[in-house]
Protein chains: 2
Amino acid sequence: MQSRTPASRTGRPRSAAADTAILAATRDALVELGWSKLTLGDVATRAGVAKTTLYRRWAGKPELVCDAVAELFDELELPDRGSLAADIEGVVLQFAAILARPEAKSGLMAVVAESTRDDALRERIRASIVERQMRLVLEGRARAQSRGELPAEPDPAESARTVDLIFDVVAGAVVHRTLVSGKPADEDWVHSFTRVLLLGLSGSSEQT
Amino acid sequence: MQSRTPASRTGRPRSAAADTAILAATRDALVELGWSKLTLGDVATRAGVAKTTLYRRWAGKPELVCDAVAELFDELELPDRGSLAADIEGVVLQFAAILARPEAKSGLMAVVAESTRDDALRERIRASIVERQMRLVLEGRARAQSRGELPAEPDPAESARTVDLIFDVVAGAVVHRTLVSGKPADEDWVHSFTRVLLLGLSGSSEQT
DNA sequence: AGCTTTCGCTACGACTCGTAGCGTAATGCC
DNA sequence: GGCATTACGCTACGAGTCGTAGCGAAAGCT
């Protein structure tokens, strides 16, 4: 998770149980206190470890919360539901369900806000949270292209731009709906959103 | 801006110059320090007012930053560019330009993150930031419908849902592109995004 | 055994928070 | 002009958090 220590094979190993306890305690604290009132001392107490242990593993609150929130997105999957529309609706509903949880609401936006002035944190978020979501987009798109539902794009650069666009639209819309508008991304909304997105993507690639 | 004092016509009036100085100092501090290292004492010093004056007008850091960031969105306009596509591209580029500024990056997401546990703050954001953006969507949509570029929706409830959807897609995509993906929403991106959005909206209203 | 690293614990200076108290300044009302 | 009322600047304060240093004990490897 944090810095690799390949050359250190001697000495007492770090407790793996402590890691999971700390991350779980962080999520509990996020639910009860929210980002701003969460303190590392409190998390250490909840996890049953010393505060110094926590500081030995994480540089600060943003890094800790980033890792704690990242685990929430482990459950994201993309089973083949037979059509691109069904695939999109399924994964968006999963994503919305995660974002509806209070620990995700409180933590995710705050960490992203911090990352605007911390390149290392931005990279950490990209690797541990964004990467996994992006992979679902890639997989779903490839599946749709093999079904013939989306046009193939031979140019890799153009293809990358399209994937980036899709990802920002999907993730951005769900996040904005949930956290800014403060309304649930329920089945009705997801259905309407998917219809708009599909129409937008399946259109011709003409450049105006 | 904050609490109305209609019944109080006696006593020394609050300095309007102090308000503008404080909000400007808040934006300066956001640029130099970012959200997490911004302190109200520092803002007061920058603005040339006493710390107690600041606390008499704002309840805390989130409310202050909310008002300071809200003024950034005052410059949003929606001139008639002749077509829905041109209108969307224009306003999205304006929105992206504002979000690219460091004071907006640092402050906006942090305030939204705080609002997930503070209903009063959420309402303040809605009234002072979201409301103005939403009005542009309503105006642009009405203009497009009068041009015949978008189908009219007689049902007000359905119409409200559509406007909400458009708003979350547009604002969410731009915010996600700028703050999460960390890439600029330049003309190329805005052009591609507009094409997808227009195709999605102009399609038939069939329910699958 | 001996070596190495981690862990729990305590204590610490530095900083920020938000408020109370007081004297002064600026307005409206009589 | 005088008076009541409110805002302002300033100082000081207790409370809380931060991140670190130092120590002895525990848990691995060779």
Side-chain angles (χ1 to χ4, degrees), chain A residues 1-23 25-26 29-30 32-66 106 110-111 114 117-118 120-121, chain B residues 1-23 25-26 29-30 32-66 106 110-111 114 117-118 120-121:
Chain A
M1 205 72 71
Q2 47 274 13
S3 64
R4 284 273 142 260
T5 49
S8 80
R9 48 185 80 262
T10 173
R12 176 177 176 175
R14 285 192 173 174
S15 163
D19 263 354
T20 63
I22 290 171
L23 293 175
T26 303
L30 276 176
E32 290 183 27
L33 306 172
W35 161 269
S36 59
K37 295 185 180 177
L38 179 149
T39 68
L40 295 197
D42 180 63
V43 170
T45 304
R46 289 171 187 263
V49 302
K51 190 173 62 164
T52 45
T53 297
L54 219 157
Y55 276 101
R56 287 188 190 104
R57 305 189 182 198
W58 283 276
K61 185 154 92 166
E63 290 80 5
L64 172 63
V65 173
C66 174
S106 304
V111 174
E114 287 301 310
R117 312 203 100 245
D118 185 338
L121 181 60
Chain B
M1 205 71 73
Q2 48 274 15
S3 65
R4 285 272 143 260
T5 50
S8 80
R9 46 186 80 263
T10 174
R12 176 178 177 175
R14 285 192 173 176
S15 164
D19 262 354
T20 62
I22 290 171
L23 292 175
T26 302
L30 277 177
E32 290 184 25
L33 306 173
W35 162 269
S36 59
K37 294 185 179 177
L38 180 148
T39 68
L40 295 197
D42 181 64
V43 170
T45 304
R46 289 170 187 264
V49 301
K51 189 173 63 165
T52 45
T53 297
L54 220 158
Y55 276 101
R56 287 187 189 105
R57 306 190 182 196
W58 283 276
K61 185 155 91 166
E63 291 80 6
L64 173 63
V65 173
C66 174
S106 305
V111 175
E114 286 301 310
R117 313 202 99 243
D118 185 338
L121 181 60

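These values consider heavy atoms only, across backbone and side chains, with no hydrogens, waters or symmetry-generated copies. By convention in this document, chain letters (A, B, ...) are assigned in the order of the sequence lines, proteins followed by strands, and residues within each chain are numbered from 1. Fair warning: this is a prediction, and the values are worked out from it, not measured in the lab.
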Exercise for the section: Taking only the side-chain nitrogens and oxygens of B/Thr53, find out if one of them lies under 4.0 Å from OP1 or OP2 of D/dG9. Expected result: yes
Practice task
Would you tell me if any nitrogen or oxygen in the side chain of B/Arg14 comes within less than 4.0 Å of OP1 or OP2 on D/dA7?
Solution key: yes
In whole angstrom, what separates [X]'s [atom1] from [N]'s [atom2]?
X	N	atom1	atom2	value
B/Ile22	D/dG9	CD1	C1'	13 Å
A/Lys37	D/dA15	NZ	C1'	15 Å
A/Leu54	C/dC9	CG	P	14 Å

What pairs of donor and acceptor atoms, side-chain ones from residues 47-55 of chain B against any protein atom, are under 3.5 angstrom apart with sequence neighbours left out?
none

Fill in the blank from the handout: Separation between CD (A/Glu114) and SG (A/Cys66), nearest 0.5 Å, reads 12.0 Å
Handout entry: Close side-chain approach of B/Arg117 and A/Trp35, heavy atoms under 4.5 Å
Key = no
Handout entry: Side-chain heavy atoms of A/Trp58 within contact of A/Leu40, under 4.5 Å
Key = no
Problem - Pairing residues for A/Asp42 by the side chain to side chain donor-acceptor pair (under 3.5 Å) criterion, not counting sequence neighbours - result: A/Arg46
Problem - Pair of N/O donor and acceptor under 3.5 Å linking C/dG18 base with B/Arg56 side chain - result: no
Problem - hbond_proxy A/Arg12 side chain to C/dT6 base (donor-acceptor, 3.5 Å cutoff) - result: yes
Handout entry: Carboxylate-amine/guanidinium contact B/Asp19 B/Arg57, below 4.0 Å
Key = yes
Below 3.5 Å is the cut-off: list the nitrogen or oxygen pairs between protein and nucleotides 18-21 of chain D, distance only.
| from | atom 1 | to | atom 2 | distance (Å) |
| --- | --- | --- | --- | --- |
| D/dG19 | OP2 | A/Tyr55 | OH | 2.6 |
| D/dG19 | N7 | A/Lys51 | NZ | 3.3 |
| D/dG19 | O6 | A/Lys51 | NZ | 3.1 |

